[in-house]
Q: 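What follows is a structure written as structure tokens; I'll ask about it next.
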Amino acid sequence: MTLPPDWRSLQILLAAIDCGSVTRAAGRCGIAVSAAAKRIQELEAELGVRLLDRAARGVTPTPEGEVLARHARAMFAFGDRLADDLRAVAGGGLGRVRLAATMSVVAGHPLPQALAAFARTRPGIEVELIESTSLTILSELVEGRADLGIITIGTALPEGLTGRPWGRDRLLAVVPAGHPLAGRGGPGREGIGLGELLREPLIEIIEGGAITLLLNDMAERAGLNPRAAFRVATVDSAIRMVAAGQGVAVIPDGVFGIFSSALGLVGVAIAEPWAHRRLRLVGRPAAVLPPAARLLHDHLASLSEAD
């Protein structure tokens, strides 16, 4: 690829065309007349065309000079915008942020509304939302493929990452309205314990997902064996399996509200401390975050549902 002429020579050429004189162009650019003339001559030699018609009264652009001048002005305009954009990025006004969040965070918490509010106040910042599992999100953050993440697991954070509480949710066992456990659901009811839950055929959502890992961990600690009747990739699939009487699904209360009325399901509280989860906003320390990511972090932190 041929490199464009140097910016200083183009600046002198444009000044000569605007002024109609190499002498006046030299004065505008703060350069000796001989040096200005030499710059333009070298530019012509480099491009292999004549750029100026020279006469006693001054200079005028040749057709080739007019073409170059048009492109040069566009290049200078681009350079001005580039400088403005770089200053804006440095101040956080422009940029791109990669935010990773779990499905339950996206569907069960006001993250979409928070991002919409951020877009209204910071229209120059593009936010790319990546939906994934908590463990994958941590890997994405460590490897630099994401700037911020919102996770639902309480595991220790990898070195180099920091986190702060962002919200809470409660896990529910979702059953059809006619299920024997349905009467244990609703406000003021005692809910069910881990042992009762694991006696039911479970519909496992996303192998390696936070809820599946949590249930397996709690079952192992209690010396119990969960019985996965089905494994599905999405909450929607799990809910439909529950509605068909194929098992029990464990999902967060915020997500359950989306499906409960349409399918006549009941959410039964799991009466275990671990069923109350704390969500965390995770990323690198604020001092090393790009300006745009720092602005989004501060915005999300200000809207935290956490106490």
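Side-chain atoms are counted along with the backbone in the values below, which use heavy atoms only and exclude waters and symmetry mates.
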Q: Taking T152's backbone N and O only, do any of them form a donor-acceptor pair with S134's side chain (distance below 3.5 Å, no angle check)?
A: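 Checking the backbone N and O of T152 against the side chain of S134, a donor-acceptor pair under 3.5 Å is found.
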
Q: Hey, is D6 close enough to R39 for a salt bridge, meaning N to O under 4.0 Å?
A: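 Salt bridge flag = yes for R39 with D6.
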
Q: Whether the side chain of R98 engages the backbone of G149 through a donor-acceptor N/O pair (distance < 3.5 Å, no angle test) should be reported.
A: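 Between the backbone of G149 and the side chain of R98 there is no qualifying donor-acceptor contact (under 3.5 Å).
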
Q: Is the ring pair F76/W7 parallel, tilted or perpendicular, if the boundaries are 30 and 60 degrees?
A: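 Perpendicular, since the angle between the ring planes exceeds 60°.
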
Q: Can you see which heavy atom on W274 is nearest to which on M218, and at what distance?
A: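 Looking at all heavy atoms of both residues, the closest pair is CD1-SD, 3.2 Å.
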
Q: More than 12 heavy atoms of other residues, nucleotides or ligands under 6.0 Å from CD of E128: yes or no?
A: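 Counting neighbours around CD of E128, more than 12 heavy atoms of other residues, nucleotides or ligands fall under 6.0 Å, so yes.
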
Q: Give, for atom CZ of R294 and atom NE2 of H297, the distance between the pair rounded to the nearest 0.5 Å.
A: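 Atom-to-atom, R294:CZ and H297:NE2 are 11.0 Å apart.
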
Q: Would you compute the distance between atom CG of L68 and atom CG of L10 and round it to the nearest 0.5 angstrom?
A: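 That separation rounds to 5.5 Å.
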
Q: For the pair D253 (side chain) and D169 (backbone), establish whether a donor and an acceptor sit closer than 3.5 Å, ignoring hydrogens and angles.
A: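 No; zero donor-acceptor contacts below 3.5 Å.
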
Q: Can you tell me how far CZ of R221 sits from CG of L194, rounded to the nearest 0.5 angstrom?
A: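 Answer for the CG-CZ pair, L194 versus R221, is 11.0 Å.
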
Q: Is the backbone of V142 close enough, under 3.5 Å, to the side chain of R284 for a donor and an acceptor to pair up by distance?
A: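 Yes, because the side chain of R284 sits within donor-acceptor range (under 3.5 Å) of the backbone of V142.
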
Q: Look up atom CZ in R231 and atom CD in E204, then write down how far apart they are to the nearest 0.5 Å.
A: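 Answer rounded to 0.5 Å: 4.5 Å.
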
Q: Do the side chains of R227 and E200 get close enough for a salt bridge, i.e. N-O under 4.0 angstrom?
A: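 E200 and R227: not salt-bridged.
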
Q: Please determine if E44 and R54 form a salt bridge, counting it only when a charged side-chain N lies under 4.0 Å from a carboxylate O.
A: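 A salt bridge is present here (some side-chain N lies under 4.0 Å from a carboxylate O).
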
